[in-house]
Structures are given as structure tokens and as C-alpha cells.
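For reference, the structure discussed in these notes is given below.
Sequential numbering from 1 along the given sequence is applied to the chain's residues. Hydrogens, waters and symmetry mates play no part in the numbers below; they use all other heavy atoms, side chains included.
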Amino acid sequence: MPNTHCPDWATALLNGFSQIFLQRHPLCGLLCLLAILLTAPALFGGALLGGVAGLLTAQRRGYAKADRQAGLFSYNGILLGLLLSLALPWSVLLPPLIIAAGGLSAMLTQQWLKRTRGPRCLPAYTAPFVGLAWLLVSLTLPPSPTTSIEMTVPNLLAAHLSGLGQVMFLGHPAAGALIAAGLLLADRRAAAWALFGSAAGLAFALSQHENATALCGLGGYNPVLVALALSQQRRQAWLPLAGILLAVMLTPGFIALGLPPLTAPFILTCWLIQATGRAWRQASLDSAPCALQGNRPRLR
């Protein structure tokens with residue numbers, strides 16, 4: 001049903017913010033937008049510019065309106081706008097760079113959608129964002145936290161919420177609380193899995209004695225996304241559990257390669273699990289006729 005209280009472009013843009021967390025819910029997107037505005041206002045302009053660039057590119061190039069309204073051409077641009085605003089100082093070159101990155105991410109998303117409409121195809125997730133970010137890897141990314149944070153219950157609770165916020169480069173626990181509220185509005189089950197994923201990532205990072213990383217929420221954001229993606233198959237609760245474990249194990253590999261992990265562990269984890277599941281189902285289907293033939297009585 002069309003939203004009569006919100007213009008189409010605003011609904012599409014807000015859905016883009018919510019699609020970062022694999023939801024299609026304008027109110028969830030609004031709370032994600034507020035999380036940026038209230039906790040990292042310096043990144044707000046870049047996020048909006050990246051999202052609008054992706055949306056306008058999709059509109060001008062005539063991409064499917066249903067996909068535009070779902071926010072599928074905006075969320076990668078929003079993430080690129082956040083990253084570029086975080087990594088680069090303000091200059092006259094920054095807005096054109098964000099616009100170009102957001103527009104290119106929309107074109108890459110469209111090419112992916114054109115070729116992956118079948119049920120056996122793998123979703124793009126945030127692959128356009130990660131691919132373009134790695135091409136811009138010469139940017140001076142923020143260093144990993146080195147300051148010591150005291151291990152207290154309030155700091156652990158703050159880190160738990162920060163795991164949600166770090167999906168959008170927001171380390172403030174208030175950002176995580178707003179995002180959690182948005183997920184509750186969109187899907188209570190998804191919110192529960194996201195909070196569980198953040199807790200699991202935090203626990204794993206602490207077990208590896210990476211206290212600074214853990215207490216800033218950086219160990220939780222990939223498990224959050226994996227939990228959100230794989231919990232959509234409601235009858236297979238083991239999938240997000242396996243995915244969370246795989247994601248935290250893959251993350252050090254990207255660091256060893258000299259690549260910022262960003263959301264790459266989330267993408268690779270989901271692809272591996274989904275591809276393995278589909279291969280297993282196909283093998284089961286292929287073996288079924290043989291089993292039936294083996295059980296068929298012999299004719300004399």
C-alpha cells in the first residue's frame with residue numbers, strides 16, 4: 001500500500017537507511033538517520049548525499065521503481081558517504097567524490113540485480129560498498145582504537161549497543177539504542193537476533209583479549225549483520241549461529257591481507273552458507289531418483 005503521508009522520494013531514502021540493516025521500514029530508517037544526526041553530525045551530510053546520489057542515479061537511468069522504493073539503490077551510497085566523510089577532511093572535492101561513489105554504487109547494484117533475480121543467485125548485500133571502499137583504500141582510514149577502556153558493566157553494556165552502531169561507523173551507544181529501537185519497530189525477531197549477534201561478537205573479541213576493539217563495538221557489527229541476514233529463514237535457527245561463528249573467524253583473515261574488513265566478513269559468510277545450503281539441497285535432489293530406483297522391485 002502506498003504511503004500517503006510521505007513523498008515517494010522520502011520513503012525510498014528512509015528505506016535506504018533501513019536496508020543497511022536488511023529491513024524495509026521507513027520508521028526504522030528514520031531512527032537510523034537520527035542516530036547519525038545526534039551522535040555523529042559531521043557524517044550526516046555525507047550519508048544523505050550518498051543516499052540521494054544513489055537514488056537519483058537510479059531514477060535518471062530508469063531503474064525499476066519497486067527497487068528504488070525499497071531503498072536498494074541508496075544504502076550502499078549511504079555507507080560510502082559515511083566512510084568518505086569519516087576518512088577525509090572536509091574540502092570542495094569531498095561532495096563530488098561522495099556523489100560519484102553513490103551513483104556508481106547504484107549502477108553496480110543494478111547490474112547485480114539484473115543477473116541475480118533467480119532463487120539460486122546470491123544477494124549483493126553491501127558488496128558494492130566494500131568493493132568501492134577497497135578501491136579507495138589509499139584513503140586514510142581511522143586507526144583502530146588503542147586507548148584502554150575499563151572493563152565495567154556499564155562499559156560492556158555500552159559496547160553491546162555500539163556493536164549495532166558500528167555498522168554505520170557510529171561508536172556511541174546512543175546510536176546503537178536508536179538502531180535497536182528501529183529494528184524493534186520493523187521486526188522484533190530481527191532486533192533480538194541483532195542484539196544477540198552483537199553480544200556474541202563482543203564475547204569473542206574479549207576472549208581474544210582484544211579489549212579495546214571489543215569495548216568500542218568493532219567486534220560486533222559483522223555478527224549483527226550476519227544474524228539479521230540468516231535469521232530470515234525462521235525454521236533454521238542454527239544458520240545465524242553458524243554464521244556468527246564463521247564471521248568472527250573470517251575477520252582476522254582480511255586484516256592479515258592488509259584490507260579493512262568493513263562488512264566483507266558478513267558478505268562472505270552469508271555467501272558461503274547460502275551456497276553450501278543450495279549445493280546440499282541440489283545434491284539431495286540429484287540422489288533422490290537413484291534412491292527410488294534402488295528401492296524399485298526387480299522384474300523377473
Side-chain angles (χ1 to χ4, degrees), residues 19-22 43 50 75-88 101 104-105 108-109 112 122-147 159-160 162-171 176 193-194 196-230 239-276:
Q19 285 287 359
I20 295 172
F21 295 89
L22 289 90
L43 307 183
Y75 69 94
N76 282 293
I78 292 167
L79 288 171
L80 285 163
L82 287 165
L83 176 63
L84 292 170
S85 299
L86 184 66
L88 294 176
L104 185 54
S105 73
L108 291 173
T109 301
W112 195 291
L122 297 174
Y125 294 125
T126 53
F129 157 65
V130 172
L132 290 172
W134 281 349
L135 288 177
L136 300 169
V137 77
S138 58
L139 298 173
T140 305
L141 294 173
S144 299
T146 56
T147 56
H160 183 206
S162 296
L164 277 72
Q166 287 290 1
V167 174
M168 298 195 299
F169 308 101
L170 306 175
W193 272 110
F196 176 81
S198 180
L202 172 63
F204 183 84
L206 290 174
S207 72
Q208 300 299 306
H209 306 290
E210 299 174 357
N211 291 8
T213 297
L215 294 176
C216 288
L218 292 173
Y221 69 92
N222 274 297
V224 164
L225 290 172
V226 168
L228 285 168
L230 298 181
L239 274 180
L241 296 175
I244 289 168
L245 179 61
L246 183 57
V248 296
M249 293 174 65
L250 287 174
T251 300
F254 290 98
I255 298 173
L257 291 172
L259 293 170
L262 301 174
T263 56
F266 148 64
I267 299 167
L268 185 56
T269 294
C270 291
W271 284 353
L272 286 173
I273 288 181
Q274 291 170 0
T276 301

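Annotation: side-chain contact (heavy atoms from CB on, under 4.5 Å) contacts of A124 (sequence neighbours excluded): W112, P128. Shown here are the side chain to side chain donor-acceptor pair (under 3.5 Å) partners of E210, two or more places apart in sequence or in another chain: there are none. For Y75, the ring pair (Phe, Tyr, Trp, His ring centres under 6.0 Å) criterion is met by no residue, not counting sequence neighbours. Residues passing the side-chain contact (heavy atoms from CB on, under 4.5 Å) test with L241 are W193, F196, sequence neighbours excluded. With sequence neighbours left out, F204 forms a ring pair (Phe, Tyr, Trp, His ring centres under 6.0 Å) with no residue at all. Take S198 and apply the side-chain contact (heavy atoms from CB on, under 4.5 Å) test, not counting sequence neighbours, and it matches H160, L164, V224.
Rounding to the nearest 0.5 Å places CZ of F21 at 8.0 Å from CG of L228. Rounded to the nearest 0.5 angstrom, M168 CE and L86 CG are separated by 13.0 Å. Taken to the nearest 0.5 Å, the CG atom of L202 stands 9.5 Å off from the CG atom of N211. Summarising the geometry, atom CG belonging to L230 is positioned 9.5 Å from atom CG belonging to L22; distances are rounded to the nearest 0.5 Å. Note: L206 CG to L215 CG = 6.0 Å, rounded to the nearest 0.5 Å. In this structure, the separation between OG1 on T109 and CG on N76 is 4.5 Å, given to the nearest 0.5 Å.
Looking at every heavy atom in both residues, A227 comes nearest to G197 through CB-CA, 4.4 Å. Between A127 and I267, the closest heavy-atom pair is N-CD1, 3.5 Å. Across all their heavy atoms, A229 and C270 have their closest contact at CB-SG, 3.7 Å. Considering every non-hydrogen atom in both S162 and G171, the closest pair reads OG-O, 2.9 Å. Here the closest heavy-atom approach between residue A214 and residue A159 is recorded as O-CB, 3.6 Å.
Put simply, the side chain of L83 reaches to within 4.5 Å of the side chain of F129, judged on heavy atoms. You'll find the side chain of L272 stays beyond 4.5 Å of the side chain of T269, heavy atoms only.
A side-chain donor-acceptor contact under 3.5 Å links Q166 to the backbone of C216.
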Listing, residues 243-265 side-chain donor-acceptor contacts under 3.5 Å, not counting sequence neighbours, or none:
residue	atom	partner	partner atom	Å
T251	OG1	A247	O	2.9
T263	OG1	T126	OG1	2.6

